[in-house]
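Presented below is the structure to which this report refers.
Just the heavy atoms: all of them, side chains too, but no hydrogens, waters or symmetry mates, feed the values below. What you are looking at is a predicted structure, and each value in this text was computed from that prediction instead of being measured. Chain A is the first sequence line, chain B the second, and so forth, proteins listed ahead of strands; every chain is numbered from 1.
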Amino acid sequence: MCGRFTLTVPTYELLASSLGIAPSPEQAALYRPRYNVAPGNATWILRMRDGVRELSQAEWGLVPRWTKELAGARRPINARGETLRDKPSFRSSYDKRRCVVVSDGFFEWKPGPRGKEPIWFHPKDGGLLLYAGLYDEWRDPEGAELHPTFAVITTTPNELVRPVHDRMPVVLRGDAVSRWLEAPLDPSTGHAPAELDALLAPPGEGVLVALPVSRRVNDVHHDDPSVLRADEPEAANDEATPRGQTLSLFGDVTPPRTKRRAR
DNA sequence: CCAGACGTTGTT
DNA sequence: GTCTGG
DNA sequence: CCAGACGTTGTT
DNA sequence: GTCTGG
């Protein structure tokens with residue numbers, strides 16, 4: 001699946017150097033660590049541009065270039081690796097516009113006694129987690145604006161993720177990153193070479209670990225380090241419950257939201 | 001041929 | 001139940 | 001992915 | 001743009 005992820009690297013400079021990218025001051029100004037990247041958000045992708053790796057922002061939810069109206073357009077956030085070649089929305093991006101989605105962990109939810117309980121899957125040894133992705137650029141017919149968007153490719157889960165969900169993002173490691181980004185078209189078919197299909201497999205065991213985290217992450221407005229902390233355990237005995245205080249039957253009482261933004 | 005869709009996940 | 005917004 | 005809305009007319 | 005359904 002993969003419908004929410006993190007990119008918590010503290011600075012753009014550290015991110016760029018980890019990816020072997022020449023830093024751009026303009027891009028640096030746009031960077032901030034993210035603890036709750038949600039569909040529709042702008043975030044960071046890596047792609048080839050004139051033969052060079054480029055780190056840039058794109059919006060999560062792929063809008064194919066042939067889309068007539070941006071309003072109301074479907075924006076798939078995921079693309080099944082098994083069927084990329086068959087789908088009009090993905091086929092040309094698979095051939096010509098592959099990207100890498102830059103992250104350091106993703107969330108999956110499982111139902112629990114206290115509601116949807118989020119689990120953060122992230123690299124055991126820390127560092128980046130890179131997903132195989134597709135992008136496209138939609139051009140507004142009224143203007144010259146290019147609107148870049150992307151989708152994360154999914155595959156079957158490995159043993160770690162399987163108990164929680166039946167899909168997971170395709171993770172690229174080592175030389176799979178450059179193979180994914182740089183493979184030329186197969187001259188005999190005019191499409192992406194068959195060797196790319198082999199990359200769209202679940203990661204081996206031991207790459208990722210699972211950490212239960214705070215249900216605060218369920219709300220997309222919570223985008224700070226607190227989402228990666230464990231929730232307070234439910235006060236189950238009088239030691240943990242201050243005298244005279246009544247537990248809510250409905251779980252924690254969230255303070256009122258900050259004022260809505262006017263439109 | 002033209003018209004219309006073009007996606008995924010999860011839940012019931 | 002289904003759509004929209006983030 | 002989850003959370004929250006889900007509507008119209010007319011008036012300012 | 002490209003595929004599917006009729």
The side chain of [X] is closest to which nucleotide in this list: [options]?
X	options	result
Asp166(A)	dC6(B), dG10(B), dC1(D)	dG10(B)
Arg167(A)	dG7(B), dT9(B), dT11(B)	dT9(B)
Trp66(A)	dC6(B), dC2(D), dT9(B)	dC6(B)
Phe90(A)	dT11(B), dC6(B), dT8(B)	dT8(B)
Asn218(A)	dG6(C), dA3(D), dG7(B)	dA3(D)
Trp109(A)	dC1(D), dT9(B), dG7(B)	dC1(D)

[X] side chain N/O closer than 4.0 Å to the phosphate oxygens (OP1, OP2) of [N]?
X	N	value
Asn41(A)	dG6(C)	no
His165(A)	dG10(B)	yes
Arg74(A)	dC6(B)	yes
Thr154(A)	dT8(B)	no
Arg80(A)	dT8(B)	no

Specify the separation, in whole Å, of atom [atom1] of [X] and atom [atom2] of [N].
X	N	atom1	atom2	value
Ile153(A)	dG7(B)	CD1	P	14 Å
Arg4(A)	dT8(B)	CZ	C1'	16 Å
Trp60(A)	dG6(C)	CH2	C1'	12 Å
Asp219(A)	dG6(C)	CG	P	12 Å
Lys110(A)	dC2(D)	NZ	P	14 Å
Asp95(A)	dG1(E)	CG	C1'	12 Å
Leu62(A)	dG1(E)	CG	C1'	14 Å
Glu117(A)	dA3(D)	CD	P	12 Å

Nearest-Å distance once atom [atom1] is located in both [N] and [M]:
N	M	atom1	answer
dG10(D)	dG4(B)	P	33 Å
dG6(C)	dC2(B)	C1'	39 Å
dG1(E)	dT9(B)	P	28 Å
dA5(B)	dT8(D)	C1'	32 Å

Summary of side chain to side chain donor-acceptor pair (under 3.5 Å) pairs that have at least one residue in residues 175-199 of chain A, sequence neighbours excluded: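 As it turns out, the side chain to side chain donor-acceptor pair (under 3.5 Å) pairs with a partner in residues 175-199 of chain A, which skip direct neighbours, are Arg85(A)-Asp197(A), Arg91(A)-His191(A), Tyr94(A)-Asp197(A), Asp95(A)-His191(A), Asp186(A)-Ser188(A).
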Is [Y] paired with [X] through a side-chain N to carboxylate O contact shorter than 4.0 Å?
X	Y	result
Glu82(A)	Lys87(A)	no
Asp224(A)	Arg34(A)	no
Asp231(A)	Arg114(A)	no
Lys110(A)	Glu117(A)	no

ring-ring contact (aromatic ring centres under 6.0 Å, His included) between Phe5(A) and Trp60(A), intermediate numbers included: CA-CA 11 Å; Phe5(A) 63 86; Trp60(A) 191 9; 5.0 Å; yes
Sugar-phosphate, base or nothing in reach of Arg75(A), heavy atoms under 4.0 Å: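 Here Arg75(A) touches no strand at all.
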Sugar-phosphate only, base, or nothing, as touched by Thr83(A) at under 4.0 Å among non-hydrogen atoms: sugar-phosphate
Using distance only, find each side-chain donor-acceptor pair of residues 10-20 of chain A under 3.5 Å and give its atom names and separation, not counting sequence neighbours.
residue, atom, partner, partner atom, Å
Thr11(A), OG1, Leu14(A), N, 3.1
Tyr12(A), OH, Ser24(A), N, 3.0
Ser17(A), OG, Glu13(A), O, 3.4
Ser17(A), OG, Leu14(A), O, 3.1
Ser18(A), OG, Leu14(A), O, 2.8

Distances for protein N/O vs nucleotides 2-4 of chain E N/O pairs under 3.5 angstrom?
residue, atom, partner, partner atom, Å
dC3(E), OP1, Arg91(A), NH1, 2.6

Inter- and intrachain pairs under salt bridge (charged side-chain N to carboxylate O under 4.0 Å, His left out), touching residues 57-70 of chain A, at least two apart: Glu59(A)-Arg75(A), Arg65(A)-Asp136(A)
Sequence-distant partners of Arg74(A), salt bridge (Lys or Arg N to Asp or Glu O under 4.0 Å), two or more places apart: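 Scan of Arg74(A) (salt bridge (Lys or Arg N to Asp or Glu O under 4.0 Å), adjacent residues dropped) gives none.
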Pair assignment for DNA chain C - dot-bracket with | for other-strand partners, Watson-Crick or G-U under 3.5 Å: ||||||
Whether Trp44(A) and Tyr31(A) hold their rings parallel, tilted or perpendicular, with breakpoints at 30° and 60°: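 Because their plane-to-plane angle lies in the 30° to 60° range, the rings of Trp44(A) and Tyr31(A) count as tilted.
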Parallel, tilted or perpendicular: rings of His122(A) and Trp120(A) (30°, 60°):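 Because their plane-to-plane angle is under 30°, the rings of Trp120(A) and His122(A) count as parallel.
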